[in-house]
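For reference, the structure is listed below as structure tokens.
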Amino acid sequence: MNIMNTRIIGISILCSLLTVAAGSQSGSKTVTDRMNSFVNSLMSKMTLEEKIGQLNLLKPDGSVATGTVVSSDVENKIAKGQVGGLFGVIGQEKIRQAQQLAVTKSRLKIPLLFGSDVIHGYKTTFPIPLALSCSWDIPMIERSARIAATEATADGLNWAFSPMVDIARDPRWGRIAEGAGEDPYLGAQIAKAMVRGYQGNDLSANNTLMACVKHFALYGAAEGGREYNTVDMSLVKMYNDYLPPYKAAVDAGVGSVMASFNTINNVPATGNKWLLTDLLRKQWGFKGFVVSDYTGVKEMTDHGMGDFQTVSALALNAGLDMDMISEGFLTTLEKSLKEGKVSRKQIDDACRRILEAKYQLGLFNDPFLYCNKDRASREVLSAEKRMAARQFAEHSFVLLKDQDNVLPLKKAGTIALIGALANDRSNMLGTWAVSGDFQTAIPVIDGMKNIGGGNVSVLYAKGANISDDTAFAKKINVFGTRIDIDKRSPQEMIDEAVGIANRSDVIVAVVGEASEMSGESSSRSQITIPESQQRLLRELKRTGKPLVLVIMSGRPLILNWENENAAAILLTWFGGHETGNAIADVLFGNYSPSGKLTTSFPRSAGQIPIYYNALNTGRPNGGDEFQKFHSAYLDVENSPLFPFGYGLSYTSFSYGEIKLSNSQLKNNRKITAAVTVTNTGNMDGEEVVQLYIRDMVGSIARPVKELKGFQKVFLRKGESRSIQFDISVNDLKFYNSSLNYVAEPGEFKVFIGTNNRDVREASFIYEGK
Ligand code: BGC
């Protein structure tokens with residue numbers, strides 16, 4: 001970017017007015033008063049153009065592109081006060097230079113926000129968010145955001161476009177990889193944890209940054225799982241199933257919200273007043289600012305909402321404060337104001353919210369608060385962070401099958417390690433790792449050799465391309481080669497792989513998707529392992545050697561053949577920087593898997609959308625056997641192949657009967673549901689004990705199960721523990737047809753178990769007042 005050539009001038013030139021007025025930004029009761037008087041004073045000096053400039057978010061040429069358009073003439077615009085923030089600028093030095101420009105060249109010297117897609121770690125890349133969610137380890141997830149914030153702020157950033165909390169019940173949608181799966185309760189816990197992790201207790205500290213919850217709203221419910229597609233949804237479904245994680249982030253004090261690309265009941269989120277003002281601000285009390293998604297304002301012309309000026313006014317009027325990339329606010333709001341299409345107050349309100357964010361971040365005190373060369377060299381990709389990445393990955397893997405305890409592997413003998421993904425760095429970081437350098441990732445083969453030790457001989461063969469389809473590979477390889485099509489023919493590769501398999505004691509085949517087969521703009525209609533790798537697996541199976549699958553993917557896949565034919569399946573998603581070491585740790589039994597699925601794995605794409613917290617219907621099928629005139633398919637069972645909450649361990653756990661402290665629940669009281677969980681296997685291990693509730697009779701139809709609590713517990717071999725959950729009236733509440741949040745008297749069932757399918761059951765009566 002050209003800004004780099006800008007002459008560097010000392011920071012002390014920041015206008016004294018700002019420095020004095022900003023004063024101390026911590027601690028006292030008058031913090032809000034001080035902020036208000038500071039912002040009032042600043043705004044009284046701003047021209048209309050400068051106010052509109054604050055609403056403009058740009059991405060300079062040459063920074064990481066996540067859309068098709070990048071901004072031009074950024075340097076000049078900053079100097080003219082036409083820019084509120086930048087994103088996609090990576091590295092504290094570049095950020096310092098851009099900030100220098102803002103605080104020396106622009107008339108009022110207002111510092112810029114610097115945002116980025118810090119999604120699963122910053123430069124040190126953690127497992128993709130869907131993987132992290134499978135840990136069900138809320139403190140760990142919070143820690144992942146805390147570490148990412150520490151690293152990103154050391155490198156100049158003060159704003160993360162995360163957490164992404166879109167509920168997704170459709171694994172065809174590639175962005176399912178970026179969220180926490182299908183459940184609103186778990187999604188809400190994770191949303192809060194992420195916001196806490198990023199923002200800490202003090203936004204103005206130099207190691208915290210402002211979070212941005214996205215994509216508001218319902219982006220994960222795109223029809224047919226096709227990216228950017230239409231969303232049409234009842235209010236009851238929205239409030240009960242899709243909105244809770246966004247609301248949780250707002251309740252946790254998230255500083256900003258990103259509007260989603262999709263329409264909601266025919267109105268684009270970016271120009272949706274009901275969504276951005278009535279719901280977000282008036283009902284939920286959100287005080288921060290709302291930013292559009294990438295060219296979201298401009299895209300409303302394609303949604304058919306009018307010309308550029310009209311859609312820009314529509315967005316502002318709806319409650320959007322900042323325009324990412326489109327420059328619709330910058331280029332049309334003045335005209336719209338003259339024509340009476342927007343009001344001065346709306347522009348002022350939006351500008352004020354952005355200035356408040358900058359104030360809270362401490363930028364008026366020190367615009368270079370987040371640019372510190374020493375901190376950057378200490379924090380970025382530090383050994384400690386890599387250790388954390390390894391631990392997070394181990395805790396995110398899900399063991400789907402382990403027949404006859406083929407896992408853990410012995411640290412002796414010969415292992416045939418097969419698959420393009422077994423000797424690969426470029427895919428290990430997963431989607432949305434815009435700042436991560438995959439060259440520094442650990443491939444599986446290195447991990448297997450490191451951890452296996454001297455008595456293990458690891459023989460490697462690629463066996464198959466991730467896909468043989470060159471046209472498909474081209475679509476995936478937009479950010480560099482992820483699918484590398486070998487010069488050898490598929491048969492030659494298979495022959496080599498079968499050859500080494502025959503000389504080995506066990507096969508470990510690392511198969512699945514390339515990293516860019518999920519994420520933005522990566523919808524798939526067939527969610528299987530690509531045919532080239534399936535063919536390889538069939539040939540490996542014929543060797544008769546035990547077949548262990550390590551599956552990498554950014555979404556649930558259909559794994560019927562794999563489940564029938566593999567001896568063991570470890571689902572690792574994309575594990576980030578330490579993938580290879582983490583996989584080897586788990587395969588060799590240094591850590592017993594403890595992850596549990598946060599999305600259902602279908603048997604067929606025809607079952608989608610598939611999710612556990614469904615309604616019963618008037619003709620429930622009651623099991624998987626087809627019954628005529630019941631809600632079922634002729635050609636596939638109703639159940640998923642692997643249910644929500646499912647995941648095995650190297651040890652086993654048994655559950656006793658549920659004991660309720662009372663069979664009646666009265667208002668303002670609680671009852672306790674207790675169950676004894678025993679580690680009945682041969683290893684120590686962790687188990688996620690899950691609590692579900694069913695409201696048997698309601699004023700609207702209620703789901704067959706809803707997650708209402710969980711505890712991740714560590715039990716030593718042979719240990720038993722009583723696990724207790726308190727159930728209060730709050731856990732029974734839902735939004736009724738008038739959108740009141742109520743608990744209705746009647747019978748409730750309680751389920752506790754190792755996943756949502758395999759549960760113990762009890763029931764109680766809620767008596768109401
Ligand atoms: C994505 C957002 C992201 C933004 C900025 C968009 O394409 O939808 O999630 O934060 O780009 O990179």
Side-chain angles (χ1 to χ4, degrees), residues 134-137 140 390-415 417 444 447-448 450-458 504-509 545-551 562-572 575 581-597 642-643 645-657 674-690 710-723 752-755 757-760:
C134 291
S135 71
W136 297 57
D137 187 336
M140 186 194 93
R390 181 164 170 175
Q391 187 207 358
F392 298 165
E394 290 166 7
H395 288 244
S396 300
F397 299 162
V398 186
L399 184 65
L400 296 178
K401 181 175 181 186
D402 190 14
Q403 193 179 299
D404 306 327
N405 295 336
V406 64
L407 291 180
L409 299 172
K410 293 184 196 60
K411 288 186 180 167
T414 305
I415 296 173
L417 181 66
V444 180
M448 292 298 282
N450 293 343
I451 314 294
N455 295 331
V456 177
S457 159
V458 177
S504 304
D505 303 311
V506 58
I507 304 168
V508 174
K545 301 282 172 153
L547 178 59
V548 173
L549 300 187
V550 171
I551 297 184
E562 292 77 1
N563 186 43
E564 271 160 34
N565 290 283
I569 305 178
L570 181 70
L571 173 72
T572 64
N581 286 330
I583 287 178
D585 275 338
V586 171
L587 289 180
F588 286 116
N590 292 350
Y591 179 75
S592 172
S594 63
K596 302 274 190 172
L597 297 179
F642 299 116
Y646 175 84
L648 304 173
S649 157
Y650 291 154
T651 188
S652 50
F653 299 97
S654 74
Y655 282 67
E657 294 297 333
V675 82
T676 300
V677 181
T678 307
N679 180 342
T680 49
N682 288 321
M683 275 179 84
D684 299 345
E686 284 159 288
E687 166 73 335
V688 180
V689 183
Q690 302 161 38
F710 58 89
Q711 292 178 38
K712 190 161 186 171
V713 293
F714 174 80
L715 294 177
R716 294 206 176 283
K717 177 178 156 182
E719 186 182 348
S720 285
R721 195 177 309 160
S722 168
I723 307 297
I752 300 180
T754 182
N755 61 59
R757 183 192 60 197
D758 303 312
V759 287
R760 298 286 185 173

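Keep in mind it's a predicted model, so treat the numbers as computed, not measured.
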Hey, are the side chains of Leu570 and Val548 touching, using non-hydrogen atoms and a 4.5 Å cut-off?
no

Is there a side-chain contact between Asn682 and Lys717 in this structure, where contact means two heavy atoms from C-beta onward sitting under 4.5 Å apart?
yes

Does the side chain of Arg721 reach to within under 4.5 Å of the side chain of Leu715, using non-hydrogen atoms?
yes

Mind listing the closest non-hydrogen atom pair of Glu657 and Val675 along with its distance?
O-CG2, 3.8 Å

Which residues pass the ring-ring contact (aromatic ring centres under 6.0 Å, His included) test with Phe397, not counting sequence neighbours?
none

Taking only residues two or more places apart in sequence or in another chain, which ones pass ring-ring contact (aromatic ring centres under 6.0 Å, His included) with Tyr650?
none

What residues, two or more places apart in sequence or in another chain, satisfy ring-ring contact (aromatic ring centres under 6.0 Å, His included) together with Phe710?
Trp136

Can you find a pair of side-chain heavy atoms, one from Val456 and one from Phe588, that are under 4.5 Å apart?
yes

Which residues satisfy the side chain to side chain donor-acceptor pair (under 3.5 Å) test with Arg757, sequence neighbours excluded?
none

Ignoring hydrogens and geometry, is there a side-chain-to-backbone donor-acceptor pair from Lys596 to Thr754 under 3.5 Å?
yes

Could you walk me through whether Lys712 and Ser594 pass side-chain hydrogen bond (donor to acceptor under 3.5 Å, both in side chains), step by step?
CA-CA 9 Å; Lys712 190 161 186 171; Ser594 63; 2.9 Å; yes

Under 4.5 Å between any side-chain heavy atoms of Leu571 and Phe642, yes or no?
no

Heavy-atom donor-acceptor pair, Asp585 side chain to Tyr591 backbone, under 3.5 Å:
no

Quick one: list whatever passes ring-ring contact (aromatic ring centres under 6.0 Å, His included) with Phe653, sequence neighbours left out.
none

Val586 to Pro593 - nearest heavy-atom pair and separation
CG1-CG, 3.8 Å

Do Leu400 and Ile551 make a side-chain contact, defined as non-hydrogen atoms from C-beta onward lying under 4.5 Å apart?
no

Do Arg716 and Asp684 touch side chain to side chain, with heavy atoms closer than 4.5 Å?
yes

Taken in chain and number order and not counting sequence neighbours, the residues that satisfy side chain to side chain donor-acceptor pair (under 3.5 Å) with Thr678 are Ser720

